[in-house]
**Student:** 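The structure under discussion is supplied below as structure tokens; questions concerning it will follow.
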Amino acid sequence: MSREELESRKRYEPSEIEPRIVERWLASGIFHPEPEGTAADNYSIAVPPPNVTGSLHMGHALNGSIQDVLVRYHRMRGLRTKWIFGTDHAGIATQTKVEQALAAEGVTRAQLGREAFVGRAWEWRREHGSTIVEQFKRLGASLDYEDERFTLDEAYAAAVTRVFVGLYEKGLIYRDRYLVNWDPGSCSAISDLEVVQEEVDDVLYHVRYDVEGGGEVVVATVRPETILADTAVAVHPGDERYASLVGGTAVIPLVRRSVPVIADEYVRPEFGTGALKITPGHDPNDFDIGRRHGLEEISVIGEDGRMNEVAGQFAGLPALEARERVVAALEAEGRLVAREAYRHEVPVSHRSGERIEPLISLQWFMRMDELASPAIEAVRDGRVRIHPDGQRQVYLDWMENIRPWTLSRQLWWGHQLPVWYRGEETHVGVDPPRGDGWERDPDVLDTWFSSALWPFATLGWPETTPALRAFYPTDVLSTARDILFLWVARMIMMGLEFMGEVPFHDVYVHSVIQAPDGRRMSKSLGTGIDPVDEIERHGADAVRFGLLAMSSTQDVRYSAAKVEQGQQLANKLWNASRFALLGVVEDVDPAPRPETVEDRWILSRVQRAKRMMADCVAEFDFSHAALGLYEFVYGELCDWYLEMVKPRLYDQDADREALSAHLLFVLTETLELAHPVIPFVTEEIWSHLPGERGLLAGRAVEGLEPAWLDDEAEARVGRAIEAVRALRGWRDHVGLQPGETVPARLAAEGYDDTLAHLARFARLELSADGGDPVASVPIPGGAVEILAGGGFDPGAAERRRAERRAGIESEIARSEGKLANQGFTAKAPAQVVEAEREKLARLRSELEAV
RNA sequence: GGGCGGUUAGCUCAGCUGGUCAGAGCGCCUGCCUUACAAGCAGGAGGUCGCUGGUUCGAGCCCAGCACCGCCCACCA
């Protein structure tokens, strides 16, 4: 770009520049490291694989920004860095989308048949799978796009099969008839983690059951249709009202089945009537009670959600309809004692939103306790650190109470179980069985089963590949809280089991971004904000900065202001760079050549900023990283250093070569510092630096240079800054015109090398004499005496003086009181007391000056 | 029911192991088109740090209780 162009572009335009930068990054290959060395030397992160059919949402954008900061930061520290990329086949989500598309054509999945359906799903993936990939690029995420994985790829599928077979052979995976969460929406069993509780208004029916030999017992239920599957009535063992009934026989209404009356601690005597109908076939609690008492397990509702033949006259009816008919029948028999409105929580499928139908089904399960132990240990002993710390305990609690995992799904899109049946025979293996007559289990695995292998299956496991050696274990896993169990815990278990090593050393659990009004961001609520829109509007740097700045260890509301702050930062940096690039002499390379106190000051401040950034990255404190960067660029570089440098830069007699080199050096240091957070604008500016220096993103930078830390320079310039602020405030208060220079005399120590700055910033015409001052402005180390001749309001100046005195006097009083307190001087640390004494002395001298 | 986190300026949030910690950004007010940036610059107003007790020489910061808010987990008809 020509000098003229740089001159004219007073505003940073991300939408023009960013796509071009992405192309340069991708073409350079710096995101794709060769698999060399070991994981101990390298840096890697495995991205939580987005759903292949999905599009970028705020969670992706935040997590992408976080991981990219980590990845870019470490890449720039010279580490071989790989951000493992790929997408997830997302069983239910994708299958649902494809089914919806088919429905629009008037075709059902059944009509199409399995093979054709799966073909359509792959086609769907080809068409839509690149959307989210492009969106990650747009965000600036420096993923290894050249090495993209998909959880249904052949190699990945082989790893999945291998793991399944291995765990089966170990006895951890088994088939069982068990009560599962049946999702009528997807017509599949789902795991406990995919079930959410939702509050609904129900009716609690009180139904009278006869007891053989006379008497009756009234039970309460919200699901009268399951009465048909009752196999017992239970009361609390200590409930005297029913003591005589225990051991007896009750008769189930309508079906006239005789069932035992049992006593079980589970029953709460105070609830309802204190008597509970037991339906092991359709209720998880009852299922457990049933197993405890050896009760019969009867199913009356089938997987199609309709009553089955066992339901007799109600067979074929949808369960809800059957409920009404059962209630009517009970009423006709005079068995309905009462009905009361009842609000309670019921299980609902997280995916389909439909109410879960608990039913007994033949499914594949995985026992988790054995794998959990080492995974608990790994977190306990710190091999895996979970941040923030609160999430650690959540993880441990869950792991310690872990239950079997329902693995099989009655879907078509996914990893089909490596299981074959022939009559009573079952074959589980990597290879199909020999011989005829074998039929493969039609079910597929829970998507999360394959996701659990992500950190090593993406690197070529079970082969011992160079990539596996170079990048496993990964360094950090960054994710939202909602998949801590669903995914993170399972990765730790699988990693330990199959790699013998934890899959990552740190887990960072980031914020959930809520809508600005505090509600959940969701499409259906209309509260969603599309990060891609925001990128188009404000630039990717702005969105990244904003998301990082608003993130914390808890959930946060989306803050458009923070994104705008990011946009302004990018613009500020752009203009500061224009100032530097257009102001320096030609043919000078960036180099530290401090000549003045401010040159040393900024060099030192840059080191502090670097330290801040390093600390923040190490502590996963991205908010402070972003805001600290902003503070440095605005509050130090632009507001002060660039302003201090201007006279020298415009002075043809000054040593502009040294200044140019130094200014460019400060600029490059700033760009390197800022790049992980705002990569685009920094890369763009980098390209305008004189000379050929490659891509900033691929640069290995020096760490903090302790030799450039300069406490003295910081103290001197810091004092000057404080003085300027005091003087500006005074000027404003006394009504001085901003442009007017006032005669003044310095009566303070410590401004030898900042005097010119003081005079220029505060618009003072300093002289050594000039008679009696007409006003005095206290500054650190003394005061500036204002001499006659300035056009200010003496009354205002006097008021200002009085206010200042009053303020100082009250502070003195407070300080004196504190020091007079025996308790304070005796018990507070000597250091604190001493500091207080110094403060008091300073206040007293200030009072004299004002 | 259990657990975790929150309650600080009009809004969104910082405030590390108790002692200049009462802050930032946005918004608001005042003034400036100062040769990098007016999507800028300078200055300013604004908070009894949810409530009540307690510990301490000293408490947004520690303890207890309470009140709201959010999230996670949980099989209560």
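Chain letters run A, B, ... following the sequence lines, proteins first and then strands; every chain starts at 1.
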**Student:** Name the closest nucleotide to the A/Q565 side chain, picking from B/rG25, B/rG43, B/rC32.
**Tutor:** B/rG25
**Student:** Is a side-chain N or O of A/R731 found less than 3.5 angstrom from the main chain of A/L736, in a donor-acceptor match?
**Tutor:** no
**Student:** Measure from the side-chain N and O atoms of A/H282 to the backbone N and O of A/I301, and report whether any donor-acceptor pair falls under 3.5 Å.
**Tutor:** yes
**Student:** Between the base of B/rC37 and the side chain of A/K572, is one N or O donor paired with an acceptor at under 3.5 angstrom?
**Tutor:** yes
**Student:** A/V832 side chain: which of B/rA74, B/rG19, B/rA77 is closest?
**Tutor:** B/rG19
**Student:** Can any side-chain N or O of A/R355 pair as donor or acceptor with the backbone N or O of A/P347 at less than 3.5 Å?
**Tutor:** no
**Student:** In whole angstrom, give me the gap between the P atoms of B/rA24 and B/rG47.
**Tutor:** 15 Å
**Student:** So, OP1 or OP2 of B/rC37: does either fall under 4.0 Å of a side-chain N or O from A/K10?
**Tutor:** yes
**Student:** Could you please name the partner base of B/rA24, counting Watson-Crick and G-U wobble pairs only when both distances are under 3.5 Å?
**Tutor:** B/rU12
**Student:** Suppose you measure atom C1' in B/rC62 against the same atom in B/rC16; what distance do you get, rounded to whole Å?
**Tutor:** 15 Å
**Student:** Would you classify A/K646 as touching base, sugar-phosphate or nothing, given that sugar-phosphate means primed atoms plus P, OP1 and OP2, and contacts are heavy atoms under 4.0 Å?
**Tutor:** base
**Student:** Determine the interatomic distance between P on B/rC63 and the same-named atom on B/rU17; round to the nearest Å.
**Tutor:** 11 Å
**Student:** Got A/Y209 and A/I252 here, is their nearest side-chain heavy-atom distance under 4.5 Å?
**Tutor:** yes
**Student:** Write down the distance separating the C1' atoms in B/rA22 and B/rU8, rounded off to the nearest Å.
**Tutor:** 9 Å
**Student:** Verify the contact: side-chain N or O of A/H344 to OP1 or OP2 of B/rC76, cut-off strictly under 4.0 Å; return yes or no.
**Tutor:** no
**Student:** Using a cut-off of 4.0 Å on non-hydrogen atoms, how would the nucleic acid contact of A/Y558 be classed: base, sugar-phosphate, or nothing?
**Tutor:** nothing
**Student:** What nucleic acid atoms does A/R223 come within less than 4.0 Å of, heavy atoms only: base, sugar-phosphate, or nothing?
**Tutor:** nothing
**Student:** How would you label the contact of A/V267 with the nucleic acid (heavy atoms, under 4.0 Å): base, sugar-phosphate, or nothing?
**Tutor:** base
**Student:** Looking at the side chain of A/R728, which of B/rA14, B/rU12, B/rG43 is the nearest nucleotide?
**Tutor:** B/rG43
**Student:** May I ask you to say what A/Y205 touches in the nucleic acid, namely base, sugar-phosphate or nothing, with a heavy-atom cut-off under 4.0 Å?
**Tutor:** nothing
**Student:** Taking the P atom of each, how far is B/rG23 from B/rA64, in whole Å?
**Tutor:** 30 Å
**Student:** Can you identify which nucleotide, out of B/rC73, B/rG31, B/rU34, has its nearest atom closest to the A/F485 side chain?
**Tutor:** B/rC73
**Student:** Under a 3.5 Å cutoff, is there a donor and acceptor pairing between the side chains of A/H387 and A/Q391?
**Tutor:** no
**Student:** It should be established whether A/R557 places a side-chain nitrogen or oxygen under 4.0 Å from OP1 or OP2 of nucleotide B/rU12.
**Tutor:** yes
**Student:** What does A/E13 touch in the nucleic acid at a heavy-atom separation under 4.0 angstrom: a base, only the sugar-phosphate, or nothing?
**Tutor:** nothing
**Student:** Under 4.0 Å between any heavy atoms, over every strand shown, what does A/R403 touch: base, sugar-phosphate, or nothing? Just pick one.
**Tutor:** sugar-phosphate
**Student:** Counting distance alone, no hydrogens or angles: does the base of B/rA74 have a donor or acceptor under 3.5 Å from a partner atom on the side chain of A/E345?
**Tutor:** yes
**Student:** What I want to check is whether an N or O donor and acceptor connect the side chain of A/R268 with the base of B/rC76 at under 3.5 Å.
**Tutor:** yes
**Student:** Which base sits across from B/rC4 as a Watson-Crick or G-U pair, both distances under 3.5 Å?
**Tutor:** B/rG70
**Student:** Just name whichever nucleotide pairs with B/rG40, Watson-Crick or G-U, keeping both distances under 3.5 Å, else none.
**Tutor:** B/rC32
**Student:** Taking the C1' atom in each of B/rA9 and B/rG60, what is the distance between them to the nearest angstrom?
**Tutor:** 14 Å
**Student:** Classify A/Q567 by what it touches in the nucleic acid, base, sugar-phosphate, or nothing, heavy-atom distance under 4.0 Å.
**Tutor:** base
**Student:** Which listed nucleotide (B/rC37, B/rC72, B/rC71) is nearest to the side chain of A/V394?
**Tutor:** B/rC72
**Student:** So, does A/Q737 get its side chain near the phosphate of B/rG31, meaning an N or O under 4.0 Å from OP1 or OP2?
**Tutor:** no
**Student:** Quick check on B/rA77: is either OP1 or OP2 less than 4.0 Å from any side-chain nitrogen or oxygen of A/Y342?
**Tutor:** yes
**Student:** Using atom P in both nucleotides, what's the gap between B/rU30 and B/rC72 to the nearest angstrom?
**Tutor:** 46 Å
**Student:** Please work out if A/T825 contacts a base, only the sugar-phosphate, or nothing of the nucleic acid, heavy-atom cut-off 4.0 Å.
**Tutor:** nothing
**Student:** Would you mind telling me which of A/E816, A/E811, A/E809 makes a salt bridge (charged side-chain N to carboxylate O under 4.0 Å, His left out) with A/R844?
**Tutor:** A/E816
**Student:** Looking at A/D555 and A/R481, does any basic side-chain N land under 4.0 Å from a carboxylate oxygen?
**Tutor:** yes
**Student:** Can you tell me the base-pairing partner of B/rG53? Count Watson-Crick or G-U wobble geometry only, both distances below 3.5 Å, and say none if there is no partner.
**Tutor:** B/rC63
**Student:** For A/L637 and A/A549, find the nucleotide of RNA chain B closest to each by heavy atoms; which residue's nucleotide sits nearer the 5' end?
**Tutor:** A/A549
**Student:** Any salt bridge linking A/E722 with A/R719? Criterion: basic side-chain nitrogen under 4.0 Å from a carboxylate oxygen.
**Tutor:** no
**Student:** Could you check whether A/D639 gets within reach of a base, just the sugar-phosphate, or nothing at all, counting any heavy atom under 4.0 Å?
**Tutor:** sugar-phosphate
**Student:** With a non-hydrogen cut-off below 4.0 angstrom, is A/P347 in contact with a base, only sugar-phosphate, or nothing?
**Tutor:** nothing
**Student:** Between A/S559 and B/rC26, does any side-chain N or O lie under 4.0 Å from OP1 or OP2?
**Tutor:** no
**Student:** How far, in whole Å, is B/rC28 from B/rG46 if one measures between their C1' atoms?
**Tutor:** 9 Å
